Protein chains: 4
Amino acid sequence: MMMFRGPNRLEAFSDGVFAIAITLLILEIKVPQVGGLGSGTALWRGLLHLWPSYLAYLLAFSTILISWIGHHMLIGQVKQVTQKLLIVNGFFLLTVSFLPFPTAVVAEYLRSESGSAAAAFYALANLLNSLAFFLLARTITAAHPDSLALLGRSQRDSFLGIFWCLACAVLALFSPLASLLLVAGLFVWWVRP
Amino acid sequence: MMMFRGPNRLEAFSDGVFAIAITLLILEIKVPQVGGLGSGTALWRGLLHLWPSYLAYLLAFSTILISWIGHHMLIGQVKQVTQKLLIVNGFFLLTVSFLPFPTAVVAEYLRSESGSAAAAFYALANLLNSLAFFLLARTITAAHPDSLALLGRSQRDSFLGIFWCLACAVLALFSPLASLLLVAGLFVWWVRP
Amino acid sequence: MMMFRGPNRLEAFSDGVFAIAITLLILEIKVPQVGGLGSGTALWRGLLHLWPSYLAYLLAFSTILISWIGHHMLIGQVKQVTQKLLIVNGFFLLTVSFLPFPTAVVAEYLRSESGSAAAAFYALANLLNSLAFFLLARTITAAHPDSLALLGRSQRDSFLGIFWCLACAVLALFSPLASLLLVAGLFVWWVRP
Amino acid sequence: MMMFRGPNRLEAFSDGVFAIAITLLILEIKVPQVGGLGSGTALWRGLLHLWPSYLAYLLAFSTILISWIGHHMLIGQVKQVTQKLLIVNGFFLLTVSFLPFPTAVVAEYLRSESGSAAAAFYALANLLNSLAFFLLARTITAAHPDSLALLGRSQRDSFLGIFWCLACAVLALFSPLASLLLVAGLFVWWVRP
C-alpha cells in the first residue's frame, strides 16, 4: 500500500550504513599503552604488536568495500522500490553493520588460544552476509526478470559464498589465519573481471 | 521568511542520522573478556553469554529500520519544505538518535534484577519515538491535504503506538522480555501489507 | 584553477558531518553503573541522576540542528562553488564537529564545583561556531550580492551571536545553568519566524 | 562485466567515509579527569593540558578536508565508473579512514619521549594517503586523457607528497612538532591558488 519514489533514498541510506560500518572499524584499533619512559622503540614495538588489528582492519575493510560494490551493482538494476525490497535490504545492512564486532573479536583473540573460535565466529558472520546478499539478489531478480544475465552471477556467487564461509568456519579449527585469509579471498573472487 | 529548495537535503540529513544511529548500535556490543588461557570454549561461552546484547541489537535495528521506512514514505509526500517541518523532523530525529542509549541499558541490565526498569525505560523511549512520528505525520498531513489517504494510516498507527508503548512500559514490571518483544512487534505491525 | 560542479557534494559532505556530530552526542551518555543487587529503583535513580547528560544532549542537539537549518538556507543561495567556499565551509564544519567535546565536558562537570568553567568552555565553543557561521555568510554574500536580503539576516544574527556567547561565557561564572540555557536561547532566536 | 551508473553513489559513499573519518576525530579528545574538588581552575588547567589533542585534531581535520577537496575535484572529471576505479578509490578511502588512529597516537605521545616515533608514524600514514591519491589520479587520468591539464597537477602534487612525507618521517626523529606541522603544510600547498 505504501508508495516509494525511485531508489535514491534506499541508496543514500545504504551508502551511509556502509560508510559508517567501514569507518567504525578504525575505532577498534586502540592506541598502545607503553610506559612514558624509554625511547621511541617501545612505541614502535607497541604499534607493530598490533598487527592482528591491522590485518583484521584490512580484511574487514575489503569485505565491506566489495559488499558495497556488489550492492551498488544490484541496486543499479532496480526500477521499482517495494516495501519488501526495503526490508530485505535492511537485513543485508544488518549483516554489514554487524561485521565490526567479529572483526574486533578477531583482532583481540587471533594470537591467543581462542584464535580458532574467533576466526570461526568471523567466518560465520560472513556466512550471514553472503546469505543476506543472496536473498537480496533473488528478490531483485524476481522483480526484474530482464536483468537476469547481470544478476545471475551475483546470485550464484553469493550462494556459493554461503558454503565457502561454512568451510572456512571448519578450517578455522585447524588454522585461524588461513581461515581469515580465505574468507577475504571470497571477496577477491567476487570482483574478478 | 527563510526559503528552502525541495526535500533533498532534508532527506540526506535524515538518512545520515538514521544510518549512523542504526550502525552505532554495534558499538554497544563489547568484545567479551575471557582469560587468554583455556581452549576456545571460553570464548564461545563468552560470545553466547552476550545474547541480551544481540537481542537488543536486533530489536533496535528493526525499530530504526522501520522508522526509516515510515519516514521515507512520509517525506515522499512533501512538496514544500518549511522551517516548521525542519524543526518537527529534527525532534523526530532526536528520538531516533536517542535509541542507542536505552538499547545499551537493556543489553546491560536485562538479565539483572533491574531488568524491569531497563525494559520500561526502553518502552518509554519508543513511546517518545511514536509521539514524534505522530507529530511529523500531522504536520505533513496538514500541509498536504490531498495525500490524506496515504498519510492517514501513518498518523493512526503512530497515535496507537503511543498507547501501545505505554502498555509495554507497564508490562515490563511483570516481564521485561515480553515487553521488549511487544515493542518490536509494534513495528512489525507498521509494515503489514 | 580547480573547478567544481554545483553544490551537491558540498551539501552531501556537510550533511554527513552534521548528521554524525548530532548522532555522536548520544555516545557521551554512559549507561549508569548500579550494583546488580537491589530492585529496579537503583537503575531508575541512576538514570535520573544523568539529567545533566540529558540536558547537555538536548541543548547540543538543538544547536547543531539549527546550525544545519542555517547552513541549508545559506548554501541554497550558492550558484558557484569555489575553493575558498570549500575552505570556509570546512572551518564551519570544524566548529560543528568540535561541539560534542564541550558537551561531554558540561555533562560531566555541570554539577561539580567546576561547573562554571565547563559552561564557559561550552559558551566559547559556541562563540567559535557563530564566528565561523558569520564568515561563511559573508563569503557567500560577497559572491552573490543579489541574495543580500535573504543572507543579510543570517550575517547579522551570527555577528550578534559572537557577542551573545561571549556574554554567556562571563555569565557562566555566576550561573552555569543560566549560561547554558541562554546559549541555546540564541538558536531559538535564529529560527524566529 | 559489471555495469555502474554515473559517479553519484561513488561520491555519496566517499562523502560518507570522509565525513565520518573527520567527525570521529573528536572522539579521541577525552574529557579531562580532574578531582571534583577545587575551583574551576583545575578544569581549565585540564582543558589546556590537552593541547596536543587539539593540535592533532586541527591537523588531521585539515588533512582530511583537503583530501576531500582533492577527491571532489578528481571525481568531478569522471565520466565512466569502472570496477577498477571503485577499488582504487576504496584503497584511497582506506588510507583516509585510517588517519584517526595515528592522530590518536600523536595526541597521546607527542609530549612523551616517544614523541618522535608518534610523529614519524603520523607522517608515514600520510605518505600512504599521498600514494593512494597518486594512484587514484593516475587511474582517472589514464581513462580521461582530455582532462590531463586539470588532473596533471593533482598527480604531480601527490607524487611529490610521497617524498615530502618520507622526509617528514625522518625529520620527526629530530623534531616531532616540526614534522607534524610540515605534513600539514603539504596540504596547505595543495590548495594554493
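Note that the structure is a prediction, hence the values are computed from the model and not measured. Lettering follows sequence order; numbering is per chain, from 1.
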So, for [X] and [Y], which heavy atoms are closest and what is the spacing to 0.1 Å?
| X | Y | result |
| --- | --- | --- |
| Ser114(C) | Val34(D) | OG-CG2, 4.4 Å |
| Thr23(D) | Ala21(C) | CG2-N, 3.8 Å |
| Leu93(C) | Phe61(D) | C-CZ, 3.8 Å |
| Ala104(C) | Val31(D) | CB-CG2, 3.5 Å |

Close side-chain approach of [X] to [Y], heavy-atom, < 4.5 Å:
| X | Y | result |
| --- | --- | --- |
| Leu43(D) | Phe121(C) | no |
| Leu86(C) | His72(D) | yes |
| Ile69(D) | Phe13(C) | no |
| Phe91(C) | Ser62(D) | no |
| Leu58(D) | Leu94(C) | yes |
| Phe98(C) | Tyr57(D) | yes |

Atom group of [X] that falls short of 4.5 Å from chain C, counting heavy atoms:
| X | result |
| --- | --- |
| Leu50(D) | side chain |
| Leu25(D) | neither |
| Ile66(D) | neither |

Looking at CD of Gln83(C) and CE of Met73(D), how far apart are the two atoms once the value is rounded to the nearest 0.5 Å? 8.5 Å
Using non-hydrogen atoms and a 4.5 Å limit, figure out which bit of [X] sits close to chain D: side chain, backbone, both or neither.
| X | answer |
| --- | --- |
| Phe18(C) | neither |
| Leu27(C) | side chain |
| Ala118(C) | both |
| Ile20(C) | both |

Over 12 foreign heavy atoms within 6.0 Å of CZ, Arg111(C): yes
More than 12 heavy atoms of other residues, nucleotides or ligands under 6.0 Å from CH2 of Trp189(D): yes or no? no
Max heavy-atom pairs within cutoff under 4.5 Å with chain D, candidates Leu10(C), Leu99(C), Val17(C), Asp15(C), goes to Val17(C)
